[in-house]
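Heads up: the structure comes next, in structure tokens.
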Amino acid sequence: MSDVKKFLYVNRKAPHGTIYALESLEVVLIGAAFEQDVALAFLDDGVYQLVKGWDTSELGVKNFQPAYTALGDYDIQKVYVERESLEERGLSEDDLIEMTYEDEDDDWAEKSSIRIVSREEMAQIMRDSDVILSF
Amino acid sequence: MSDVKKFLYVNRKAPHGTIYALESLEVVLIGAAFEQDVALAFLDDGVYQLVKGWDTSELGVKNFQPAYTALGDYDIQKVYVERESLEERGLSEDDLIEMTYEDEDDDWAEKSSIRIVSREEMAQIMRDSDVILSF
Amino acid sequence: MGMLHTVNKSPYQCNTLESCLNHVGEGDVVLLIEDGVYAAMKGGRAADVLSAVQGVKVCVLSADVKARGLEGKLIDGVEVVDYAGFVDLVTETDKTQAWL
Amino acid sequence: MGMLHTVNKSPYQCNTLESCLNHVGEGDVVLLIEDGVYAAMKGGRAADVLSAVQGVKVCVLSADVKARGLEGKLIDGVEVVDYAGFVDLVTETDKTQAWL
Amino acid sequence: MCKNKNKDLRSTWIWQGIKPVKLGICVLEGPYQHEASDTAYNFAVAALEKGHEIFRVFFYHDGVNNATRLMVPPQDDRHIQKRWSELAEQHNLDLVVCVAAAQRRGILDEEEMKRHGKDANNIAPGFRISGLGQLIEAEIQCDRVVFFGD
Amino acid sequence: MCKNKNKDLRSTWIWQGIKPVKLGICVLEGPYQHEASDTAYNFAVAALEKGHEIFRVFFYHDGVNNATRLMVPPQDDRHIQKRWSELAEQHNLDLVVCVAAAQRRGILDEEEMKRHGKDANNIAPGFRISGLGQLIEAEIQCDRVVFFGD
């Protein structure tokens, strides 16, 4: 077994309605310390987790959206978002939060972590990962 | 407020996957003692609650299907099952358990409690009830 | 006074809204709460379904709309209500059915 | 060795099976468990979807089939496995993805 | 029982033309896992502010898990049990936990603890354990009952 | 840690041509409310019978509620907590309850009870409370990890 595994966190659920989105994010944050090859996948209702502009004050729950933005600081550079999932929901990349990382190999230039991929590419990303954590 | 209300228990979930079906049934059994006008509605995946032939031994959970059959003993005479929900699932009345009651006004003749109704009739049944308990 | 129907699931994940709309009657109110509010987002496939509904008032719960970043992104014709408005809908209608 | 995909929701209530089938690849296995087994019932609308799948093995968990009264009512081409078979599917494939 | 609750609030609102009604609430999902408990709580607060009476809040299915006093949520998050307990104290609410559902899931008061020979209990102040008949009674007594679940 | 578990079982099976693997299990839903816990348990039993090693069972989200020793299910129904505890004892299983998820939901061991100034704890024998790192470690160490949830 190699020392580094390709981790893929699959997110298919909307935020707030259930705790799946929040507690999945907590795993990602903890997991970042383990120096594995980490990628996040957002498809189906999971793409709603990245829609910007949350205001949770009236609902009375913690706004955990800033934690997604901070994922770059945890060296998470690959955030795959499925195009078809966005489109059927009337969403485009402009509706999503910004997620960036600093590219070590390019003089620490700030780059977007979000990669819009087709359904077919998403399926291939799943196949190419070593372990899949599905929440 | 009249002394007797029309209670409608609405069942839209499959059995076993979640506890909604079982714990809804427990309410019906307890509620039967309160001498209200009780009816049960099964639609969407709720119709699966009445599919006969459960064998839960391999799954290792209690088989609560006999409790449905016993509802007649609790004087529950109206069990509405939506035709459209059955049809899209490839089910017919023959696939369902027998549910009967003894008709006080007809020399205690044993009659079926199950009434297959159209979607439109189901909507009307909901409107005609006083309270709806949705599980 | 019609009935109040609450729908708390995303129409892209569950058939709850569809089933609800198949059973509403003239004068009823449908209130989208929790993940149900996604149905009212402009440009989504579910919005077409919702826009086509006749004779029924459609409301969305503001707390859930705001929490999900959907403020200002809703289709025309849906009314945004707060929890106080939710209470009013419950008391002003005959009864409430939760489409769980 | 392909992947194992588990689906635990009724296709009449949720889009889980549909989403899973949109992402499977040649040589993968789809295992229907819990309420997911309803997809394999003969005569249902979802059975058409399942029958049309190519290049993928479809299995159903026997305990869930029996508990729901579906024994003998399944479409052709699906393989019934017990929990031991479930374990074999997990170990014989590369990895397991749960479509929750 | 439980009549004339929230009477002070109601009397202040009646002159504003709002007709107070008697409400029941049923919560079917546990804290944090599902939004149902939050929605139910926010609904209850709004109803009380409007001067309505809440006859009873009935916790069923995983809803019984809202009643454990052992929860310790993160400091920057809401404390779902405490919110319910405090609301109950302020408004003399009747928070009823279904005994059958509670037993399955390990929510016990002192009496249940003794009856079943357990060494601990976990029910929070303001909640009481009782039977399903309390839900039926709420349906009979209340003008409206609203369900919150999954 | 936790190496060479179920060694006796595995050695009996190896000659039959089954290659034992190291499995992880993650349970995301609570007892009774959802079938996930039953499926995970039945899967675990079958895996052990086949001679595989279960490196760890990790309870997360509402899955932590499987670990309360206070549950009292009906006598004619399965006792979900006891089943897990007994399986753990028989096979020296590592049942880990996520501390953050457990705190939110009121699952405490004695140490957590003291740390948070609570007056009771409810964790069942065979379960231990630890961090999310234990799930990541399972993903790294195991040949396969299977998730059970809603």
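A, B, ... follow the sequence lines: proteins, then strands. Residue 1 opens every chain.
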Is [Y] close to [X] at the side-chain level, that is, under 4.5 Å between some pair of heavy atoms?
X	Y	value
E/R105	F/N65	no
F/R104	E/Q33	no
E/T68	F/T68	no
F/Q103	E/L70	no

In short, F/H116 meets E/V72 closest at the heavy-atom pair ND1-CG1, 3.5 Å

For each of E/D62, E/L108, E/L28, tally heavy-atom pairs with chain F at distances under 4.5 Å, and name the one with the top tally. E/D62

Around F/K118, counting heavy atoms of other residues, nucleotides and ligands shown, do more than 12 lie under 6.0 Å from its NZ? yes

Tell me, yes or no, whether the heavy-atom count around E/Q90 atom CD, taken from other residues, nucleotides or ligands under 6.0 Å, exceeds 12. yes

Atom group of F/H61 that falls short of 4.5 Å from chain E, counting heavy atoms: both

Checking heavy atoms, do the side chain of F/N121, its backbone, both or neither come under 4.5 Å from chain E? backbone

Heavy-atom pairs under 4.5 Å with chain E - which of F/A101, F/P73, F/A120, F/P31 has more of them than the others? F/A120

Residue, of F/D150, F/D77, F/D119, that accumulates the most heavy atom pairs under 4.5 Å with chain E: F/D119

